[in-house]
Amino acid sequence: MASMAQFCYIIGPSNLRQKYSSFRFCFQNPVYRKNAPSNISTRFHAKPSSVSVSSSIVCSAANKPSSSSQVREGEEDMEQGNVEDYFLLKGSSAAKIRSEVLSPFRSVRMFFYLTFIASGSLGGLIATTQLISSLTNPARSSEVPDILTGLGIDIGAVSIFAFLYFRENTAKNAQLARLSREESLSNLKLRVNQNKIISVSSLRGIARLVICSGPASFILESFKLSEPFTESLLERGVLVVPFATDGNSPSLDFDESEDMKEITEKRKRLWQLAPVYVSEWTEWLDEQKKLAGISTESPVYLSLRLDGRVRGSGVGFPPWNALVAQLPPVKGLWSGLLDGMDGRVL
């Protein structure tokens, strides 16, 4: 119930205000950013007939320096750099902490691997000196087979534990890189309405985000394909983040007729989020595409778990029917028990 209360608070009416700390407010203030937030405008088109009325939401984003930043550009560059460095270090530390939580015994295993490598290396060094001494002294020639056996065991042990340490370290670095990308994603900003901007991390434990990235035509087609699954997606805490990569602003049309009023409100809730600071979103998405080995022009989708980690991604339209089939509801008797049933992490 607490999660649903937070969910309703974030996606609720615009007159609800979220409390920010003074530092966080200053960081989001355009004075400390060169990129201006995106603008979302709503247009209502009334038809002559009173039976059918439609509305469209035009999502647009722009990177424009604010006038105050232009005036104080020389002073703010240093402050902005310090703030960005602070959040970069903070994200790196958070990734390391999450890595320790996810793999609590990895450091212990790596410590013992290093200990065994050092022990085997020391034993091999001692065995090597004994072998040289035995080879130069005919009286100790009978000890050579035993020394060679011990040396072989030491070399084998060092090789095995070195391989295990290398594999563990590779897995650790890969996990840290993935968690760092997830922390970078969590710091990206979203606009809920004209008066409220939040970070992706604010929706952890509350909503499962689906990021649709592609040209405006791709966004519009995804919007149409999601219509039959609107209510089911909202029951599973899904919220869509449309991100147009071609510079065009997709216009999402809603049927405002009286008999479609309820479903229209739900569709607006499903598609109400919009990215802020487009350059940061573009950089993050391009990095993800590069790691996946696909073209930066390809339309893609990314599905996030409740904990903010990436659970699925692909080229093309989001599989709305698969999301409905695989994800459990965020409320009800089994909601707490099934919170982790979001799919494996990519």
Side-chain angles (χ1 to χ4, degrees), residues 1-13 52 54-57 59 185 190-193 198 200 202-214 217-243 250-275 299-346:
M1 294 300 293
S3 296
M4 286 304 301
Q6 295 177 354
F7 181 75
C8 295
Y9 169 75
I10 289 183
I11 66 173
S52 176
S54 65
S55 70
S56 64
I57 294 181
C59 302
L185 173 63
L190 293 170
R191 180 179 291 279
V192 181
N193 52 48
I198 62 175
V200 174
S202 301
L203 297 173
R204 281 180 179 172
I206 301 173
R208 300 179 172 103
L209 298 184
V210 175
I211 303 171
C212 295
S213 173
S217 58
F218 170 78
I219 302 296
L220 290 176
E221 189 63 25
S222 299
F223 173 76
K224 295 177 182 178
L225 293 175
S226 69
E227 184 173 3
F229 308 98
T230 299
E231 188 171 354
S232 299
L233 290 172
L234 285 176
E235 289 177 356
R236 287 153 178 79
V238 175
L239 293 178
V240 184
V241 181
F243 183 75
S251 179
L252 308 181
D253 294 324
F254 298 95
D255 188 355
E256 294 291 341
S257 59
E258 191 64 28
D259 54 343
M260 295 293 293
K261 184 176 180 181
E262 184 177 355
I263 188 65
T264 298
E265 291 297 324
K266 291 181 178 180
R267 286 188 61 71
K268 287 182 178 179
R269 284 172 52 195
L270 180 64
W271 288 83
Q272 68 175 322
L273 299 177
V300 297
Y301 75 90
L302 290 95
S303 173
L304 305 187
R305 293 162 40 117
L306 270 177
D307 57 8
R309 305 168 70 186
V310 178
R311 68 173 296 275
S313 62
V315 179
F317 301 107
W320 303 117
N321 55 341
L323 293 175
V324 171
Q326 296 172 2
L327 298 176
V330 294
K331 63 179 179 179
L333 179 62
W334 304 101
S335 59
L337 180 63
L338 299 177
D339 281 349
M341 306 297 292
D342 287 44
R344 70 181 184 89
V345 179
L346 296 183

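Every value quoted in this text rests on a predicted model; they were computed, and no experiment measured them.
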Distance col, row Cys212:SG vs Leu220:CG, nearest 0.5 angstrom, shows 11.0 Å
According to side-chain contact (heavy atoms from CB on, under 4.5 Å), who are the partners of Glu235, at least two apart in sequence or on a separate chain? Glu231
Taking all atoms of both residues into account, what is the closest heavy-atom pair of Arg267 and Phe223, and its distance? NH2-O, 2.7 Å
Assess whether side-chain contact (heavy atoms from CB on, under 4.5 Å) is satisfied between Trp320 and Val240, documenting all intermediate values. CA-CA 11 Å; Trp320 303 117; Val240 184; 3.7 Å; yes
Give the minimum heavy-atom separation between Val241 and Pro275, together with the two atoms involved. CG1-CG, 3.8 Å
Between the CG atom in Leu252 and the OG atom in Ser222, the distance rounded to the nearest 0.5 Å is 10.5 Å
For Ser313 and Val300: C-alpha separation, side-chain torsions, deciding distance, then whether side-chain contact (heavy atoms from CB on, under 4.5 Å) applies. CA-CA 7 Å; Ser313 62; Val300 297; over 6 Å; no
Looking only at non-hydrogen atoms, find the nearest pair between Gly308 and Leu185 and report the distance. O-CD2, 4.5 Å
From the options Met260, Lys261, Glu265, select the one residue that forms a side-chain contact (heavy atoms from CB on, under 4.5 Å) with Ile263. Met260
Stepwise, does the side-chain contact (heavy atoms from CB on, under 4.5 Å) test hold for Leu209 with Leu273? CA-CA 10 Å; Leu209 298 184; Leu273 299 177; 3.8 Å; yes
Can you see which heavy atom on Thr230 is nearest to which on Glu227, and at what distance? OG1-O, 2.9 Å
Enter the distance from Leu304:CG to Arg311:CZ here, rounded to the nearest 0.5 Å. 9.5 Å
Of all the heavy-atom pairs spanning Gly316 and Tyr301, show the shortest one and how long it is. O-CD2, 3.6 Å
Measuring only between side-chain heavy atoms, which start at C-beta, is Leu302 closer than 4.5 Å to Val210? no
Between Gly214 and Ile219, the two heavy atoms sitting closest are O-CG1, 4.1 Å
Whether Arg236 side chain and Val324 backbone form a donor-acceptor pair below 3.5 Å: yes
Taken to the nearest 0.5 Å, the spacing of Leu233 CG from Leu327 CG works out to 8.5 Å
Just verifying a value: how many Å separate Leu234 CG and Leu239 CG, rounded to the nearest 0.5 Å? 7.0 Å
If I take atom CG from residue Asp307 and atom CZ from residue Arg204, how far apart are they, to the nearest 0.5 angstrom? 7.5 Å
If the plane angle is over 60° it's perpendicular, under 30° parallel, otherwise tilted; pick one for Phe317 and Phe218. parallel
